[in-house]
Amino acid sequence: VWVTIGAYALAAFLYARQEHKTKFRVAATRRISRTTGYLCSMPLPPYLRQYIYLAFGKLYGVNFEDVLVEDINQFRTFNQFFTRELKDGARAIDAITDEKTMCSPCDGSVLSFGEVDTMKCTIDCIKGHDYRLDEFLFGFQTDKRNEDQHKRITMVERILDSAKDRGNKVMYCVIYLAPQDYHRYHSPTYFVANYRRHIAGYLEPVMPSY
């Protein structure tokens, strides 16, 4: 816990310096994130596990009654505890057989939601920043980059036009997972994912105070 707090403090310091036009050749937040992930994946001594997990649970308000594994000492690493499974029925889904319904893909609190009606419409409150649709999908704004600009604009406009032609809307919803929440995510509806896109960038903490 103290290592994580120290890592976040260092990330906040470096990020603040960066905001004052100080340039860094290395993304410090990415290195800190990888280091934290490495530490959380290290096996913990059996005699310390339960105390660490219970202390974390008391600090953040974890509901241990929903955890599938009753003996939390079986979690060898903190990551295993953090991504713990839940008991059947812990998260009930209404109208589960109705293919037209949607449910939340994860635990968490809704920070913002709204409609995306143009390419320049912003998706609000993602780690304290607002993102245009093209920036959110591709990692940069299309009018700031010449490479494949027309192609990328066409892709974004095609998403919006396709929804409008069918009488639908493109909506967004930002959900914040707090440390005590169940940290797995599931399909919110019936669909098939054809591809995924990795967008490189700074890995910043998600807590609102940061």
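Count residues from 1 along the sequence. Values below: every heavy atom of this structure, side chains too, minus hydrogens, waters and symmetry copies.
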Which heavy atom of [X] sits nearest to which heavy atom of [Y], and what is that distance?
X    : Y    : value
L177 : C106 : CD1-SG, 3.4 Å
S187 : C103 : O-SG, 4.3 Å
C40  : T77  : O-CB, 3.5 Å

Contacts of Y172 that satisfy ring pair (Phe, Tyr, Trp, His ring centres under 6.0 Å) - sequence neighbours left out: none

Ring pair (Phe, Tyr, Trp, His ring centres under 6.0 Å) involving F113 - partner list, sequence neighbours excluded: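 None.
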
Got a second to check how far [X]'s [atom1] is from [Y]'s [atom2], nearest 0.5 Å?
X    : Y    : atom1 : atom2 : value
N73  : Y47  : CG    : OH    : 12.0 Å
Q180 : D107 : CD    : CG    : 9.0 Å
F81  : Q50  : CZ    : CD    : 11.0 Å
D130 : I123 : CG    : CD1   : 10.0 Å

I'd like to check the side-chain contact (heavy atoms from CB on, under 4.5 Å) partners of [X]; sequence neighbours left out, ordered by chain and number.
X    : answer
A95  : D98, T101
L160 : V116, L133, V170
Y190 : E99
I96  : I93

Could you tell me if the side chain of [Y] sits less than 4.5 Å from the side chain of [X], heavy atoms only?
X    : Y    : answer
D181 : S109 : no
V69  : R84  : no
Y53  : V67  : no

Pairs where residues 62-76 contributes a residue and the test salt bridge (Lys or Arg N to Asp or Glu O under 4.0 Å) is met, not counting sequence neighbours: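 Sorted result for residues 62-76: D66-R91.
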
Joint cluster assignment, [X] & [Y], ILVMFWY side-chain distance < 4.5 Å:
X   : Y   : answer
F75 : L59 : yes
I72 : Y60 : yes
V62 : L48 : yes

For N79, side-chain hydrogen bond (donor to acceptor under 3.5 Å, both in side chains) partners two or more places apart: S41

Set of residues satisfying salt bridge (Lys or Arg N to Asp or Glu O under 4.0 Å) with respect to R34, sequence neighbours excluded: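 If we apply the salt bridge (Lys or Arg N to Asp or Glu O under 4.0 Å) test to R34, skipping adjacent residues, there are no hits.
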
Hydrophobic cluster of [X], others only, ordered by chain and residue number, side-chain cut-off 4.5 Å:
X    : result
Y182 : L86
M102 : none
M171 : none

F78 and F82 aromatic ring geometry - parallel, tilted or perpendicular at 30°/60° bounds: parallel

Report, as yes or no, whether the 6.0 Å neighbourhood of atom [atom1] on [X] holds more than 12 heavy atoms from other residues, nucleotides or ligands.
X    : atom1 : value
F64  : CZ    : yes
K169 : NZ    : no
N168 : CG    : yes

